[in-house]
Number of protein chains: 2
Amino acid sequence: MDVLRKVVKQPQQEEAFHSPSLSEVEALSILSQPFFTLRKKSILVNQGDPFHGLYIVHCGMLKQSHQHKDGTKLLTHFYLPRDVIGLDAIGDRTYTGTVTTIETSSLCLIPFSQIEDLPTTDAIHMQLLRCLSNAAHYGHTRLRKILSQPSEARVASFLLTMSHKYRELGYSSNFLRLPMSKQEIANYLCMAPETVSRIISQLQQRGLLSVNGHEYCIVNQEGMARISEHTKYA
Amino acid sequence: MDVLRKVVKQPQQEEAFHSPSLSEVEALSILSQPFFTLRKKSILVNQGDPFHGLYIVHCGMLKQSHQHKDGTKLLTHFYLPRDVIGLDAIGDRTYTGTVTTIETSSLCLIPFSQIEDLPTTDAIHMQLLRCLSNAAHYGHTRLRKILSQPSEARVASFLLTMSHKYRELGYSSNFLRLPMSKQEIANYLCMAPETVSRIISQLQQRGLLSVNGHEYCIVNQEGMARISEHTKYA
DNA sequence: CGATTAGTTGATCGAGGTCAACAGAGGTGG
DNA sequence: CCACCTCTGTTGACCTCGATCAACTAATCG
């Protein structure tokens, strides 16, 4: 699900979500500029823009979507606080997707020229390397897991992932404000919006979840976890 | 499909497969050790082994598979010549999956300690960064594309990808020797082996493809490309 | 040369995508 | 402030795609 993400997590267990510890990206913050704020539905970078730096999310939430030449759009990332935006742009020096705020957000820029130019920044480079390596690996396993999940498990996994991220950030892990629309969730999980809707109402009926607008309450973490483990291919 | 791969490709077009040019990894070859050869079905690294370096494939083909705690295995990569093995291991200094040869292969090791220790190797670091960034990005788009493809398009895409890789390597792009089994292809594409079999025989009947054992001949590149564009979610 | 694995094909069934109809929720202008 | 409109979300009916089970054949390997 979440490929290019912060590096906080280490990969001891399959589905491990780890305590914040000290974010590896923290080293970069030396180079960071002051925070700035963007209103809801603002565009941070456009697909194809020349790469000028990484962004770290301070608060709020953003989405990244990729437009294909056939016109179809695919939503590839949700960025939460402490996430790094733009790691996928380093390679070809071009932002690979359009990043938009889905609620008022505060970010800071890390100009990449500084990283490129700095002479003896092996430590930072190694951290970036590790960050990217983790991102690549996690993103991959995540998506492959989704591929082998039935849609119910996909939704459950998504909610649990969000829950764990919120906990990492110090919020409650049971009460979530998810500012994205159900359609965006559907697109992100590669399913029809109707299916998402059906699954969510079904989870509510089974007493595992409770939803009110954009407020989600995971009533039964244990049960949700069990559902998220379900896999295709007996 | 192929996440942690060689860096030859640049991302000008969505589905771009590029001429070899000078592989970005080439810079690393200064650090490389002599080639060594592994027989068919040999294990290169085991899942969980401590990371000791990257490998570059010289000839042959390898597969990488991940064992989950529930016992299920997922085949995540096929490595072809010039591909880099181990990029996903940098982050946590542990190989994330078991890499096995599926035919006799020749590789060389790039001990990572050298990269880590070298004092002023900014150029190499930047190349690695770009390599990883590309890998992360491509892997991600690839898998998301698969997610939104019907199974027929998945198989077509897979064959075309292989075809393009072979062309990059200077081989014919129409006649392919794919040493992996159909079951492995099925696992790689997250579908049932029967479905792969059915789709392949159907492609043959339609005169797009011709298969004999592990020899695949793409009769109609154009037609295959059209099929590979098919997408779920009208 | 038997034995085990890989591959093919048919029949069946269920998950989930599609179409359609409708209910709210914002958002905008008069 | 209300009427209006559009966009999001929900629910039902339907049907297709692809997984599963089963039976059989072809390879591969000791």
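All heavy atoms count here, side chains included; hydrogens, waters and symmetry mates do not. Numbers restart at 1 for each chain; the letters A, B, ... are given by sequence-line order, proteins then strands.
Residue Lys232(A) contributes atom NZ, which lies 12 Å from atom P of dA15(C) at whole-angstrom precision. The CG-C1' distance, from Leu178(B) to dA6(C), rounds to 16 Å in whole Å. dA26(D) atom C1' lies 12 Å from atom NE2 of His214(B), rounded to whole Å. When the C1' atom of dT9(C) is taken as reference, atom CD of Gln205(B) falls 11 Å away, rounded to whole Å. Rounded to whole angstrom, the span from the CE atom of Met191(B) across to the C1' atom of dT20(D) amounts to 14 Å. Rounded to a whole Å, the CD atom of Gln202(A) is 10 Å from the P atom of dG16(C). Straight-line distance from the NZ atom of Lys41(A) to the P atom of dC7(D): 10 Å, rounded to whole Å. Remark: P of dG18(D) and NE2 of His230(B) are 12 Å apart, rounded to the nearest angstrom.
In terms of phosphate contacts, Ser197(B) brings no side-chain nitrogen or oxygen within less than 4.0 Å of OP1 or OP2 of dG7(C). Not one side-chain nitrogen or oxygen of Ser181(B) sits closer than 4.0 Å to the OP1 or OP2 atom of dA6(C).
Counting heavy-atom neighbours within 6.0 Å of Phe36(A) CZ, excluding the residue itself, gives a total above 12.
The base of dG18(D) is not paired with the side chain of Arg154(B) by any donor and acceptor separated by under 3.5 Å. The base of dG10(C) sits with one of its N or O atoms less than 3.5 Å from a complementary donor or acceptor on the side chain of Arg198(B).
Listed candidates were dG18(D), dT9(C), dG9(D). Nearest to the side chain of Glu194(B) is dT9(C). Closest to the side chain of Lys182(B), out of dG7(C), dG18(D), dG9(D), is dG7(C). If you check dT8(D), dT10(D), dT18(C) against the side chain of Ala192(A), the one that comes closest is dT18(C). Here the nucleotide nearest the side chain of Thr195(A), chosen from dT9(C), dT8(D), dG17(C), is dG17(C).
A ring-ring contact (aromatic ring centres under 6.0 Å, His included) with His140(B) is found for one member of His137(A), His140(A), His77(A) and no other, namely His77(A). Of the candidates Glu152(A), Arg142(A), Gln149(A), Ser157(A) forms a side chain to side chain contact (heavy atoms under 4.5 Å, CB included) with just one, namely Gln149(A).
Between Ser172(A) and Asn174(A), the side chains place no donor N or O within less than 3.5 Å of an acceptor N or O (distance only, hydrogens not considered).
Using a cutoff of 4.0 Å between basic side-chain nitrogens and carboxylate oxygens, Glu168(B) and Arg82(B) are not scored as salt-bridged.
If you check every strand for non-hydrogen atoms under 4.0 Å, Pro193(A) touches nothing.
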